[in-house]
Amino acid sequence: DSGPKYDFIIVGGGTSGLVIANRLSENKRVTVAVIEAGDSVFHNHNVTNVAGYGHAFGTHIDWAYETEDQKYAGGSKQIMRAGKAIGGTSTINGMSYTRAQSVQIDAWELFGNKGWNWGSLLPYYQKSEKFEIPSQNQFSRGADYYITYHGETGPLNVGWPIDITNRSMLPTLDQTFNQLGVPYNRDANGGSMVGLTSHPNTVNTKENVREDAARAYYWPYQNRPNLKIITNTFANKIIWANNSHSEAVAIGVEVTTSHGIETIYASKEVILSAGSLKSPVLLELSGIGNPDILRKYDIPVKVNISTVGENLQDQTNNGVHYQGTEFWLGYPTFSVLASANQIYGNNVSNVASYVNSSMVEYAKVVSNSSKGAVQEANILAAFKLQYDLIFESQVPYAEIVLLPIEGMFMSEYWPLLPFSRGSIHIKSANASMPASINPNYFMFKQDLDAQVDVARFIRKAFMTDPLSDLVGDEFAPGVDNLPDDAPTSEWDDWVKSNYRSNFHPVGTASMLPRNRGGVVSPELKVYGTRNVRVVDASVLPFQLCGHLTSTLYAVAEKAADIIKKQYRL
Ligand code: FDA
């Protein structure tokens with residue numbers, strides 16, 4: 001044991017990992033190391049530029065994970081983006097700050113995660129947040145809020161970009177969507193998300209730069225002597241104690257640096273925060289997972305949890321775009337979060353009964369596709385919950401982002417709660433080899449139908465006064481290419497040839513009771529281990545209707561308190 005030693009090792013200095021690192025190192029008596037494959041992007045203009053969404057894609061700070069061929073979605077592979085930098089994916093994301101519908105978080109507790117509900121998570125959303133009250137000018141352009149939902153003293157700047165699109169935009173959208181039954185929602189961050197809203201972003205308005213996890217949780221604290229970030233260092237696997245305990249005990253992490261392979265030791269815990277497309281892979285490389293998979297690569301089984309890497313849930317994104325009749329400057333922040341009732345109108349009960357009658361079959365397909373690793377009864381229970389959320393609770397069913405930018409009026413959308421379930425698993429015992437990522441996009445007819453139905457709803461919105469005055473020709477998909485009454489198969493083809501990942505993968509190390517397919521406990525501890533946790537998007541058991549970072553910051557804040565309590569820090 002000659003390598004460096006810390007109390008806590010956090011693998012991944014990203015969105016979640018830096019929260020844990022910050023909160024644990026508040027206590028001067030503990031030492032914390034963060035192992036991060038990337039480097040500082042503090043001065044990277046592709047990161048800091050508030051209007052630079054997409055500029056970092058494909059650069060050295062984008063992992064650009066490649067999926068397997070998507071057999072239900074036309075066959076081709078997809079790229080799943082994720083940030084490789086101090087700050088992780090928060091350094092390249094779209095900066096939207098929206099949380100979740102309260103009942104979705106309550107469902108975590110309903111499924112056996114004691115202590116996890118909206119009421120107990122809200123204080124952590126607020127703890128992380130430094131809400132910037134919009135200026136009069138921003139307010140006049142749609143920035144609005146209820147202060148009781150927000151925190152004003154946390155590390156994370158949340159607010160609106162300085163220049164929001166012109167003032168007549170919100171009233172125009174409001175009048176239009178009202179006619180489609182979608183009300184205005186002043187502040188979607190109080191647990192009730194449905195409606196047209198101008199949501200805040202993770203942005204530092206004063207400095208006019210992106211607010212990422214590093215700017216919030218790391219850079220202002222970098223001089224703490226007990227907090228060490230080890231960059232350009234790739235974690236390979238957990239190193240275990242040689243013992244006969246019934247629980248596996250981690251003693252450190254094997255890493256690859258520019259000098260070769262080393263071990264960094266942890267006296268208390270190893271916390272995996274490498275993201276939902278990496279933490280489950282690290283578990284498998286460390287011997288925690290499905291024995292059938294581990295044995296293929298001669299990895300000794302430390303803990304048998306067959307659902308590691310299962311339950312992968314992502315969303316799919318398409319765009320419906322128009323020529324504008326005006327030229328818009330400023331940053332658009334408008335989204336429509338529409339419920340199933342609003343999307344489907346009178347047809348909603350038909351859709352609901354179709355879904356209801358399909359779920360048993362869907363559950364069989366998911367279980368079979370996981371070769372039995374996911375139990376049919378477990379996934380069926382999750383589907384029933386999802387059905388209730390969509391059709392009973394009427395949580396948002398789709399997000400439609402409205403983007404009037406210069407001479408174009410674009411929109412991007414994604415159905416929020418697809419039924420498709422995929423997986424991520426190792427293809428080699430060598431940590432530097434890519435994993436097999438298979439989100440199974442459009443695995444089920446309902447998911448493909450939803451993708452088409454929402455596109456049609458958007459088209460209807462753009463044909464409705466007064467929004468219709470702001471647009472000319474539709475250039476994607478284009479009414480000539482794809483008239484309203486085009487056969488469904490043509491709409492399906494358009495969706496499949498143009499969709500992309502919505503970059504919201506969750507669930508690959510779900511927080512659930514073990515007999516329900518969970519990988520981590522409500523304390524976020526990996527079952528069968530004494531001192532390994534996962535804290536990142538992997539642990540969210542179900543997809544959310546909000547964007548993910550707000551909830552990930554809150555979950556990590558709560559996780560930090562759980563850890564501190566256990567060690568009396
Ligand atoms: P995150 O990816 O942040 O952190 C993982 C860290 O681990 C990274 O720094 C990585 O380099 C490091 N790492 C991985 N493997 C390692 C290894 N073996 N060794 C060492 N380090 C390793 N959300 C939102 O709220 N609003 C939005 O607008 C958007 N938009 C959006 C756009 C795009 C393009 C993407 C890709 C994602 C979004 N999201 C988003 C989603 C959101 O940004 C994302 O879910 C979270 O940032 C994920 O946080 P995690 O903590 O799970 O992992």
Side-chain angles (χ1 to χ4, degrees), residues 9-20 34-39 41 53-58 60-65 79-100 156 158 199-203 210-214 217-218 229-238 253-257 264 271-282 285-286 314-315 317 333 335 399 401 412 414 431-432 435 500-509 534-540 543-544 546-556 559:
I9 294 179
I10 296 156
V11 177
T15 313
S16 311
L18 292 180
V19 178
I20 303 283
V34 179
I35 299 169
E36 171 53 50
D39 207 335
V41 289
Y53 181 63
H55 294 185
F57 295 178
H60 70 284
I61 68 163
D62 175 8
W63 286 96
Y65 297 117
I79 299 293
M80 299 185 79
R81 311 218 172 266
K84 182 182 184 181
I86 305 179
T89 304
S90 72
T91 67
I92 67 165
N93 75 7
M95 305 194 310
S96 302
Y97 183 92
T98 63
R99 294 171 178 171
L156 182 76
V158 173
H199 60 71
N201 286 53
T202 41
V203 64
R210 166 195 296 273
E211 177 76 341
D212 57 44
Y217 283 93
Y218 179 67
I229 190 153
I230 306 168
T231 54
N232 299 302
T233 299
F234 186 88
N236 298 328
K237 61 181 176 183
I238 296 167
V253 176
E254 182 196 284
V255 299
T256 301
T257 71
I264 302 172
I271 297 153
L272 301 182
S273 299
S276 55
L277 300 179
K278 214 34 154 301
S279 291
V281 172
L282 285 164
L285 292 166
S286 310
D314 190 16
Q315 300 147 332
N317 184 307
T333 62
S335 270
E399 174 160 352
V401 180
E412 287 192 347
W414 53 98
S432 67
R500 63 165 171 84
S501 163
N502 199 47
F503 311 132
H504 287 179
V506 303
T508 49
V534 181
V535 184
D536 61 25
S538 320
V539 304
L540 306 189
Q543 187 56 267
L544 296 175
H547 293 245
L548 297 177
T549 56
S550 53
T551 300
L552 295 175
Y553 287 122
V555 166

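All ligand and atom numbering here is 1-based and tracks the order in the structure. Side chains are part of it too, since the values below use all heavy atoms of this structure and drop only hydrogens, waters and symmetry mates.
T549 OG1, 2.6 Å is the protein heavy atom nearest to atom 25 (O) of ligand 1. What sits closest to atom 27 (C) of ligand 1 on the protein, heavy atoms only, is H547 ND1, 3.4 Å. From the protein, the heavy atom lying nearest to atom 21 (N) of ligand 1 is A37 N, 3.1 Å. Looking from atom 9 (O) of ligand 1 to the surrounding protein, the closest heavy atom is E36 OE1, 2.6 Å.
At under 3.5 Å, a nitrogen or oxygen of A537, whether backbone or side chain, sits near a nitrogen or oxygen of ligand 1. Taking distance alone, with nitrogen or oxygen atoms compared against 3.5 Å, M95 approaches ligand 1 more closely than that limit. In terms of N/O distances under 3.5 Å, ligand 1 is approached by T89.
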- Item | CA sep, side-chain torsions, deciding dist, call: I92, V41, side chain to side chain contact (heavy atoms under 4.5 Å, CB included) | CA-CA 10 Å; I92 67 165; V41 289; over 6 Å; no

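Near T233, the atoms of ligand 1 lying under 4.0 angstrom from a non-hydrogen atom of the residue are 19 (N), 20 (C). Near F57, with a cut-off below 4.0 Å to any heavy atom, the atoms of ligand 1 are 34 (C).
Across D314 and F503, no two heavy atoms sit closer than the pair OD1-N, 3.6 Å. The two residues V535 and S16 have their closest heavy-atom pair at O-CB, 3.2 Å. The two atoms that bring I264 and I9 nearest to each other are O-CD1, 3.3 Å, heavy atoms only. Annotation for T91 and A85: closest pair OG1-CB, 4.1 Å, computed over non-hydrogen atoms. Annotation for T508 and S276: closest pair OG1-O, 2.8 Å, computed over non-hydrogen atoms.
The side-chain heavy atoms of I86 and L18, taken from C-beta on, include a pair separated by under 4.5 Å. Under the 4.5 Å side-chain criterion, counting only non-hydrogen atoms from C-beta, H60 is not in contact with K84.
For atom 53 (O) of ligand 1, the candidate residues are G275, G14, P505, A56; the nearest heavy-atom contact is made by G275. The residue from N93, V506, V255 that puts a heavy atom closest to atom 29 (C) of ligand 1 is N93. Considering R81, M80, K237, R99 only, the shortest heavy-atom separation from atom 36 (C) of ligand 1 involves R81. The heavy atom nearest to atom 13 (N) of ligand 1, considering only F234, Y53, W63, is found in W63. Of the listed residues (A235, G13, A431, G83), the one carrying the non-hydrogen atom nearest atom 19 (N) of ligand 1 is A235.
Within the 4.0 Å heavy-atom criterion, the part of K278 lying near ligand 1 is the side chain and not the backbone. Of the heavy atoms in A85, only backbone atoms (N, CA, C, O) come closer than 4.0 Å to ligand 1. Using a 4.0 Å cut-off between heavy atoms, S273 contacts ligand 1 through its backbone alone, with no side-chain atom that close. Residue-level proximity to ligand 1 for T202 is absent, since no heavy atom of it falls below 4.0 angstrom. Under 4.0 Å from ligand 1, the heavy atoms of S90 that appear belong solely to its backbone. Contacts of H504 with ligand 1, taken as heavy-atom pairs under 4.0 Å, involve the side chain alone.
Below 30°, between 30° and 60°, or above 60°: for F57 and Y53 the angle between ring planes is above 60°, a perpendicular geometry.
For the ligand labelled ligand 1, residue I86 lies outside the 4.0 Å heavy-atom shell. Judged by the shortest distance from any of its heavy atoms, G17 lies outside the 4.0 Å radius around the atoms of ligand 1.
For the residue pair R81/N93, the side-chain donor-acceptor check at 3.5 Å is not satisfied.
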